[in-house]
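Here the structure is laid out as C-alpha cells; the discussion comes afterwards.
Naming convention: chains lettered A, B, ... in sequence-line order (proteins, then strands); numbering from 1 in each chain. Computation of the quantities below employed the complete heavy-atom set of this structure, encompassing side-chain atoms and omitting hydrogens, waters and symmetry-equivalent molecules. Worth saying up front: this structure is predicted, and the values here are computed from it rather than measured.
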Number of protein chains: 2
Amino acid sequence: MQPPLHRLNEFVPASPLAADLFTSWLSHRKVFRRHQNIRREGDPVSSVFFLVKGWVTSSVMMRDGRRQIVKVHLPGDMLGFPSLALEHAGEGLEALTGVELCSIPLAEIGRLFEELPSVAAALFLSTQKERIALMQELTWIGSTHALGRVAGFLLDLHERLDAAGLVEDGGFDFPLTQAHLGELLGLTGIHVNRTLKRLDATGCIERTRRRLRLIDLNGLRGLAPNHAPRYAGIEAWDRLGRPGAGAARPALRERAL
Amino acid sequence: MQPPLHRLNEFVPASPLAADLFTSWLSHRKVFRRHQNIRREGDPVSSVFFLVKGWVTSSVMMRDGRRQIVKVHLPGDMLGFPSLALEHAGEGLEALTGVELCSIPLAEIGRLFEELPSVAAALFLSTQKERIALMQELTWIGSTHALGRVAGFLLDLHERLDAAGLVEDGGFDFPLTQAHLGELLGLTGIHVNRTLKRLDATGCIERTRRRLRLIDLNGLRGLAPNHAPRYAGIEAWDRLGRPGAGAARPALRERAL
DNA sequence: CGTGGCTTTGAATCATATCAACTGACGTGG
DNA sequence: CCACGTCAGTTGATATGATTCAAAGCCACG
C-alpha cells in the first residue's frame, strides 16, 4: 500500500532530501489492533507518530473517569505533537481500527530543524492548521445544538476523508460508535443516537452497518454552524520567505552516518 | 516597562543572537485602545504578534453572529500563529484592555527557521503547548458543568498571571465581563453570573470592582475537572537534540543589512 | 445628573442528561 | 449447528442544568 504522503508535501515542494527523510521514517512501521492503546496519557514522551493506515483517537481524561476525545486522526496525520513540550503525554492515543504507523524519535524532529528548515517550517505550518481545527471544534461544542455539532463533525470528516481518497460515492467506513461521537462532541451517546436518527429522517445521511453516506451535503451545511476556513498551500511557505529554499547547508545524508 | 521576555526564553537558553533578534522585534510597538480590533477574522494574514502589555481575546465568529472566544491572551503571549497557514485569518484578535504589542512580519518567522533553528524549535514547542491548552479548554467545555468550567478557567488564568508576575496577594485585575466569560466557556452571561455568585457564596473567590481574588485555590481545584499538565522547559529542547546548539551557521546580524 | 454598560434577579421553557429496559447482530464455545 | 454472552444501537420516562425573555439595580463616566 502507498503511504499517504500528500500531507507531508502539503506546504513544501517535494525535494529529494525530504523524500529520503520521509522514506527513512516510513521504513519501520508498527501495527496496532482495534482498541489498543498506542500511548497512554501520562506516558513519558519519547516520540511522535505518522499515521499510515487506520483511525486513531486522541483524548484527554478527566478525574471522574470520563474522557474527551479531542481529535479523530486519519491516515496521513501526524500524531502526538501536542505533547512535545510535556514531560508526560497530555493526550492518549488509541487505535479505533487496525492501525499502521511509524514512530519518529524526538531527536529526529530536532535534526529537522537543524538540517531541513523548509521541512521544519512545513511541519510548523501543519501544526498551526491543527490548532485552527481545534478552535473550530471548540466553537462547535461551545455554541451549538447537538444537531449542529454532529453535522459539523460529519462534514469535516467527509472533507478530510475525501482528501485522503477514502470516500466512495459519498460513503465511507465509519468505525466510531455513538458513544465515541458523544465523547467527541460533548454529548451523551444516547443523545447522539437521537440526533443521528433525526439526520437520517431528514434524508441528509444514510447509515448502514459500519458505513456512512452523506447524501445532502448542502443540507448538512445548513445545519452546521460554520464552514471550514480555506487553507493555503505552498503560498504560506512563500510568505514565510521560503526557509531553506536556496541555502547551502550540509545535506542530511552526509551527516547521518 | 520591562517587556515580559520570560516566555520567549522558556524553552531555549538565552543566546546573544536570540536576544538581539528579540530586541529588534520589540523596538517598534503598536498601541491599541480597549475594545479595538487588532485583526479581524478574514483579514489577510501578514504578520504575527507579540503581546507586551494588556489582555487580548482570540475569537471565532459563527454564521448566526455569535462568537466563541478561544483564548484569552496575557502579556508575553505570541498572537496570531494559528492563522499562519491560512490565506485569511481564521481568528479575530481584540483588545480587552489597553494593549501594547509588536507586529512581526511573516518573513521574519521564515528567517528564524533559516538562521536560528534553536529559536524556531522553541517557538514550535511553545505553540504545541498552546495546542494542549486548547485541548484542555475543549475538555472543560465538552464535559463539565458551569461550575467546573468557571473554576477551571479561573485557576488556569491565575496560574498564567502568576507566571507573568501580575498577581498580588492572590488578586489580579480582571477586565473580562460576564458576557465575555460566557462566550469563552460556552455559557450565557446570565448563567455565568449565577455561577460566579455561587463561587462567591462558598468563599472560593472574592470579587470587587474590576478585580478578582482567588481565596481557596484547593476548593476551586476540587470543583475543576482536571489540573493543568506539567510543562517541560529546557529539557524538552534537550530531548529534541538541542537544534542549533553547536552548529556554525551565518550569524543573523551579518546578513541583516 | 442623566446615560449606557454591566450586573443581578425571577419565571417559563428547552435541550440534554440520566436511568432503565429492550433489541438485534455478531462471535464463541459446547 | 445451536445457546449464550457481549456489544452497539434503540426507545421511553423523568430529572436537571442552561437558555431565554423581561426588568430592575448599580456604578462609572461624560
Side-chain angles (χ1 to χ4, degrees), chain A residues 33-35 55 57 62 64-69 94 96-98 140-153 173-201 205-212 223 225, chain B residues 33-36 55 57 62 64-69 94-98 140-153 173-201 205-212 223 225:
Chain A
R33 295 185 313 278
R34 201 160 98 95
H35 295 155
W55 295 37
T57 57
M62 293 196 350
D64 63 7
R66 297 201 309 198
R67 67 171 184 177
Q68 172 76 36
I69 297 180
E94 193 180 326
L96 212 47
T97 66
W140 295 341
I141 295 186
S143 37
T144 25
H145 313 291
L147 209 65
R149 298 187 202 180
V150 174
F153 171 68
D173 286 325
F174 191 76
L176 288 162
T177 68
Q178 297 179 350
H180 281 133
L181 277 175
E183 290 176 325
L184 177 69
L185 300 173
L187 298 169
T188 317
I190 295 173
H191 203 65
V192 168
N193 180 340
R194 299 195 221 271
T195 309
L196 283 176
K197 293 214 84 182
R198 207 132 61 95
L199 280 180
D200 218 337
I205 66 173
E206 197 178 79
R207 295 175 296 156
T208 62
R209 282 274 87 237
R210 300 202 163 282
R211 219 174 154 73
L212 192 65
L223 298 171
Chain B
R33 294 185 314 276
R34 201 160 99 95
H35 295 155
Q36 200 175 351
W55 296 36
T57 58
M62 295 197 348
D64 64 6
R66 297 202 307 199
R67 68 171 184 178
Q68 172 76 37
I69 296 179
E94 194 179 324
L96 212 47
T97 66
W140 295 340
I141 295 186
S143 36
T144 23
H145 308 295
L147 209 65
R149 299 188 202 180
V150 173
F153 171 69
D173 285 325
F174 191 76
L176 288 162
T177 69
Q178 298 179 351
H180 280 135
L181 277 175
E183 290 177 326
L184 176 69
L185 299 173
L187 298 168
T188 316
I190 293 171
H191 203 65
V192 168
N193 181 341
R194 301 195 222 268
T195 309
L196 283 176
K197 291 214 85 182
R198 207 133 61 96
L199 281 179
D200 219 337
I205 66 173
E206 196 179 79
R207 295 176 296 156
T208 62
R209 290 280 82 243
R210 299 205 162 279
R211 220 173 153 74
L212 193 64
L223 298 171

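Proximity of A:Lys197 to the phosphate of D:dG9: no side-chain N or O atom is located under 4.0 Å from OP1 or OP2. For D:dT10, one of the phosphate oxygens OP1 or OP2 lies less than 4.0 angstrom from a side-chain nitrogen or oxygen of A:Gln178. For the pair A:Arg207 and D:dT10, the criterion of a side-chain N or O lying under 4.0 Å from OP1 or OP2 is met.
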*Would you sort out whether A:Thr195 and A:Leu181 count as a side-chain contact (heavy atoms from CB on, under 4.5 Å), showing the intermediate values?*
CA-CA 11 Å; A:Thr195 309; A:Leu181 277 175; over 6 Å; no
*Verdict with supporting geometry, A:Val150 and A:Arg198, side-chain contact (heavy atoms from CB on, under 4.5 Å)*: CA-CA 11 Å; A:Val150 174; A:Arg198 207 132 61 95; over 6 Å; no
*Show your working on side-chain contact (heavy atoms from CB on, under 4.5 Å) between A:Thr97 and A:Asp173 and close with a plain yes or no.*
CA-CA 10 Å; A:Thr97 66; A:Asp173 286 325; over 6 Å; no
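Between A:Leu96 and A:Pro175 the shortest heavy-atom distance is O-CB, 4.2 Å.
Protein atom CG of B:Leu185 is 18 Å distant from nucleotide atom P of D:dG17, rounded to whole Å.
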Write down the protein N/O and nucleotide N/O pairs, taken from nucleotides 18-23 of chain D, whose separation is under 3.5 Å; answer none if there are no such pairs.
from	atom 1	to	atom 2	distance (Å)
D:dA18	OP1	B:Ala146	N	2.9
D:dA18	OP2	B:His191	NE2	2.8
D:dA18	O5'	B:His191	NE2	3.4
D:dT19	OP1	B:Thr188	N	3.2
D:dT19	OP1	B:Thr188	OG1	3.3
D:dT19	OP2	B:Thr188	N	2.9
D:dT19	OP2	B:Thr188	OG1	2.8
D:dT19	O5'	B:Thr188	OG1	2.8
D:dT20	O4	B:Arg194	NH2	3.3

Please write out the pairs of protein N or O atoms and N or O atoms of nucleotides 24-30 of chain D separated by less than 3.5 Å, giving the distance to one decimal.
from	atom 1	to	atom 2	distance (Å)
D:dA28	OP1	B:Arg209	NE	3.3

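More than 12 heavy atoms of other shown residues, nucleotides or ligands fall within 6.0 angstrom of atom NE2 in B:His180.
For A:Arg66 (side chain) and B:Ser143 (main-chain N/O), a donor-acceptor pair under 3.5 Å exists by modelled atom type. Judged purely by atom type and a 3.5 angstrom limit, B:Arg149 uses its side chain to pair as donor or acceptor with the backbone of B:Gly186.
Side chains of A:Gln68 and A:Ile141 form a contact here, defined as non-hydrogen atoms less than 4.5 Å apart.
Here the CG atom belonging to B:Leu196 is positioned 8.0 Å from the CG atom belonging to B:Leu212, to the nearest 0.5 angstrom. Taking CZ of B:Arg34 as the start and CD of B:Glu94 as the end, the distance is 10.5 Å to the nearest 0.5 Å.
The span of DNA chain C lying next to chain A, judged by atoms under 4.0 Å from heavy atoms, is bounded 5' to 3' by C:dT16 to C:dC26.
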